[in-house]
Structure formats: C-alpha cells, structure tokens
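Beneath this line is the structure, given in structure tokens, with notes to follow.
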There are 2 protein chains.
Amino acid sequence: MEAKEILKTHVAKLASLTDDQFEYFFSFFKKQHFKKGQAIISEGDAVDCEYFVISGCLKSFFINDDLKMFILQFAMPTWWASDYNALYNHTRATISVDCISDTEVLCLSNADREKLCSELHQAEHFFRWRTNKGYVAANKRLLSFMNNNVKCRYEELLKLYPELYNIVPKTLIAAYLGVSRETLSRLHQA
Amino acid sequence: MEAKEILKTHVAKLASLTDDQFEYFFSFFKKQHFKKGQAIISEGDAVDCEYFVISGCLKSFFINDDLKMFILQFAMPTWWASDYNALYNHTRATISVDCISDTEVLCLSNADREKLCSELHQAEHFFRWRTNKGYVAANKRLLSFMNNNVKCRYEELLKLYPELYNIVPKTLIAAYLGVSRETLSRLHQA
DNA sequence: TTCTGAATGTGATGTAGGTCACACAGCTAC
DNA sequence: GTAGCTGTGTGACCTACATCACATTCAGAA
C-alpha cells in the first residue's frame, strides 16, 4: 500500500475527512527514507517534526549519565514518534529517535500540524484522539511497571507486539522493559 | 475564587474562548461536593464523567490481586481525573478515584465533552492540548521509573508538588512512587 | 480518662534483579 | 582465511527494595 493510503486509512479510524480535505491534510507531510541505524532526532537537537511510520521500525529512547539506554517506544508502521516534550515546548531534545531497520516515514512539522488543526476542525479532532489513546497507553504501561515483575511485562509486550520478537534484538527489548539484558536472557530458564 | 473563574482561567491558558463561548462551555459542567474518603469512581463502575478539581485533593489508583494499591495520580485544584481508559472506551472502571480531603469538583460527561468539542473548535483545541501535556508528563514519569531509584523519584515528586508532603499520608506517597511505605520511611536515614 | 485505630519508624531477613566477567556463535570486511 | 563487531547465554556475587514483625505516637470516640 502506498504511503498516502496508509495514512488515509489510519486517519479515517479517528476522524472524518472528505477526500479533498484529506488531500490538503496529506499535502503537509513530507516523505523521508532512513537507513537502519540512522539517527532522526539526537539529544540536543532542535525538534521541529513528528514522524508517522510507513514501513520499518523506529525507537525513541533516552540515555542517562551512566550511558544506559531506556526505550520509551518502538514505532512500527502507522505509529507516530518524536520527542514530544521538546516538540511541544520548543526545547532541545532529551529523547532521541533512530532506526531499528530501514524506515520510510511521513514527516509533519509542528507548525504545519497547528496550521492543519486550526484550519480543519476534523484534523484537531484526529490529533486529540491520537493523543488520548497514547495517554491511556502510557498510563497502562506505568501501572504495569509498578505492578508486574519483568517476566509479566515481557510476556505482555510479546502478546501485544509479537512481531517485535523477531525484528528487535533482545538488548533493546530489555531496554524497553527497563531491565538488564542478562536478566531478560535468564527468563528462559524459569 | 469561584469555580467558574477557576475553570475559566485554566481554559484560557490553552484556548481562546469568547465570554459567550465560555458561558456555553461552562454550562455543561456540574458542580459536586465529596467528603474525605468518599469514592467517586470504584472498580467495576460504568464511567461516564471526568472531574475537574476546584478545591481539595483526589487520587486515582489501582488495586491489584494482592490488594496492593498503586496511585496513578494525585489531582490537586485545576487538575483533571477519571479512569480515562474506561471513559474513552466505554468499559468498566479498573481504576478507582476517591477523595484524600473534602473536595469540590466540576463534573463533565463524556457525551457533553464530545458535544462541546464538535460544536466549539476551541474546546477541541483545549482538550487536545490538555491531553498532550498529560501524555508528555506520563512519559516523563515512565522514564523516571526506569532511570531513577526511589530516593530520586521521591525528591522529584516533592520538588514538583511540595504541598503533597503535608496533605498526603506517606503511605499514599509510597503507593505513588511504587515502593513499600517502609522503604520510603527509611529514606530519611540515608 | 481509656481505648482504638490510623500513621509512622525501625530491626531482621528474604529475593528480584543488577553488575561484572567470560564464552561463543554468526556476520561483515579485508 | 582471520580479525573484529554484535548479539546472546550464563556463572558468581552484590544491592536495593520487599516483607514481616513489633514499637511508638497521636487523634478521635466512648
């Protein structure tokens, strides 16, 4: 499926745009290709865009003072990624985004999103519900962190996104779960 | 300050409503009073409303199979609370909400919020940005969980919301930080 | 007053997961 | 080929936090 069709199907799930409106909506997105390992947003960057994944896989992550990496999100096709804190507050990136595999994205700038939202009521509706869903998901993950041990969280992740098991190195899955790769590896034993 | 004024000031930070529009906006909210300890949403309830706190303090929390409580959020004046998963997806509550102190809220139903959002573009704008900010905050808390030990998270919490230290029992602060009350208590020693 | 029950502190001990160290397999580059 | 790099497993040991038990303080009710 073509990028435009993928976005259209995705948007239609949350908002009602006429074909003309969607053409206008789509006109603000820029297609970009990145190679495996390539950085899209690096710590310290000015952040101007968010990215809608068409194919491939991104990760958004944080690296602490001890150089330990924590993954906030894997972004598969039809997912969005950016450093939203930096994007919304016009600050420098503290979250980085890079490519786990060769990836094709549609890029939307902050200014263009706001323009779209102010001109098209249904665009504002779409982005409200996109974030509503993200908010609920983030809170679910928070609860899972507080309530469940690593094994539960790992099984939960694999149940939600079985495709990750094959695409993503275990080291990165450990960084998403917030444990060491050694501990994740030892889960097989039990 | 009166409830209407508090909401007006709060909304004005994110959206531009004329006085007439705000009157209309406000007309959908119902004022409610609750006593300390009173439940607003209990596990298993149908969830129809979200609550804007005027005075007092709420907590939203989850209780697991071992009867351990985890606090998702303290809601102080000008904060919103509900079980958003249940509210948005029309499912039964898994998150409960109750009163830490006597509390006055403005209650908005799901249907009324959607009506407002579809009729008033600026209302949709307001709710989009409210959730955007919540989303960013939830992700910050997630990172803090992965990256920081209990002491850091406790200090972070007190720096952000110093008023909690006096209002809220330590047991509840421990439930927010995701540690036992004993461990929290022992932080004084170090 | 005395009793009761929250809220908090603190000692002893258990455990999940972290850290360090090393091994080995599979790739790619030359 | 072999050198080097990434990904993964696993043993030995360490640490942060949990759990259980008990003590203390304070507020409100009888």
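Proteins get letters first, then strands, A, B, ... in listed order; numbering begins at 1 in each.
Taking side-chain N and O atoms only, A/K68 has a distance below 4.0 Å to OP1 or OP2 of C/dT19. Applying the 4.0 Å criterion to OP1 and OP2 of D/dC17, one finds that B/T183 has every side-chain N and O outside that range.
Every residue meeting the ring pair (Phe, Tyr, Trp, His ring centres under 6.0 Å) condition with B/F126, not counting sequence neighbours, appears here in chain and number order: B/H10. Here A/N64 pairs with A/F62, A/D66, A/K68, A/F70, B/N147 under the side chain to side chain contact (heavy atoms under 4.5 Å, CB included) rule; sequence neighbours left out. For B/K140, there are no side-chain hydrogen bond (donor to acceptor under 3.5 Å, both in side chains) partners two or more places apart in sequence or in a different chain. With sequence neighbours excluded, the residues satisfying side chain to side chain contact (heavy atoms under 4.5 Å, CB included) with A/H121 are B/H121, B/E124. Judged as a side-chain hydrogen bond (donor to acceptor under 3.5 Å, both in side chains), and not counting sequence neighbours, the contacts of A/E23 are A/K4. By the side-chain hydrogen bond (donor to acceptor under 3.5 Å, both in side chains) test, B/T91 is found to be paired with no residue, residues two or more places apart in sequence or in another chain being considered.
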When you compare the protein's N or O atoms with those of nucleotides 20-29 of chain D, which come within less than 3.5 Å of each other, and at what distance?
| from | atom 1 | to | atom 2 | distance (Å) |
| --- | --- | --- | --- | --- |
| D/dC20 | N4 | B/E182 | OE2 | 3.2 |

For nucleotides 26-30 of chain C, list the nitrogen or oxygen atoms of the protein found under 3.5 Å from its nitrogen or oxygen atoms, one pair per line.
none

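Checked against a 6.0 Å centroid threshold, the rings of A/F127 and B/W129 do not count as neighbours. Centroid-to-centroid, the aromatic rings of A/F74 and A/W79 stay 6.0 Å apart or farther.
The terminal axes of the helix from C/dT1-D/dA30 to C/dC30-D/dG1, fitted over 5 pairs per end, subtend an angle of 30° to the nearest 10°.
In this structure, B/F145 atom CZ and D/dA16 atom P are separated by 18 Å, rounded to whole Å. Here D/dG7 presents its P atom at 15 Å from CG of A/N166, a figure rounded to the nearest Å. Nucleotide D/dG7 holds its P atom 10 Å from the CE atom of A/M69, rounded to whole Å. Atom-to-atom, NZ of A/K151 to P of C/dT15 comes out at 17 Å; the value is rounded to the nearest Å. Following rounding to the nearest Å, A/H188 (NE2) and D/dG11 (C1') show an atom-to-atom distance of 17 Å. Nucleotide C/dA7 holds its C1' atom 17 Å from the CD1 atom of B/I167, rounded to whole Å. Going from atom CG of A/N64 over to atom C1' of C/dG18 covers 14 Å, rounded to whole Å. Taking atom CG on A/L184 and atom P on D/dG7, their separation rounds to 14 Å, with Å as the unit.
Contacts between residues 169-180 of chain A and DNA chain D, defined by a heavy-atom separation under 4.0 Å, are made by A/P169, A/K170, A/T171.
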Given the rule in the salt bridge (charged side-chain N to carboxylate O under 4.0 Å, His left out) test, do A/R128 and B/E114 qualify, once you have shown the distances and angles that lead to the verdict? CA-CA 11 Å; A/R128 176 167 69 91; B/E114 290 309 306; 2.8 Å; yes
Acceptor/donor pairs from residues 156-171 of chain A side chains to any protein atom, 3.5 angstrom cut, sequence neighbours excluded:
| from | atom 1 | to | atom 2 | distance (Å) |
| --- | --- | --- | --- | --- |
| A/E156 | OE1 | A/S144 | OG | 2.7 |
| A/K170 | NZ | A/Y165 | O | 3.3 |

Ignoring hydrogens and angles, write down the donor-acceptor pairs under 3.5 Å from the side chains of residues 35-50 of chain B, residues two or more places apart or on other chains.
| from | atom 1 | to | atom 2 | distance (Å) |
| --- | --- | --- | --- | --- |
| B/Q38 | OE1 | B/K35 | N | 2.7 |
| B/D45 | OD2 | B/S42 | N | 2.9 |
| B/E50 | OE1 | B/Y84 | OH | 2.7 |
| B/E50 | OE1 | B/R130 | NH1 | 2.5 |
| B/E50 | OE1 | B/R130 | NH2 | 3.2 |
| B/E50 | OE2 | B/R113 | NE | 2.4 |
| B/E50 | OE2 | B/R113 | NH2 | 3.4 |

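Both tests pass for A/R141 against the ring of A/Y176: distance under 6.0 Å to the centre and angle within 45° of the axis.
Under the 3.5 Å distance criterion, with hydrogens and angles disregarded, a donor-acceptor pair is assigned to the side chains of B/E119 and B/Y24.
B/D83 has no carboxylate O lying under 4.0 Å from a charged side-chain N of B/R92, or vice versa, which leaves the two without a salt bridge.
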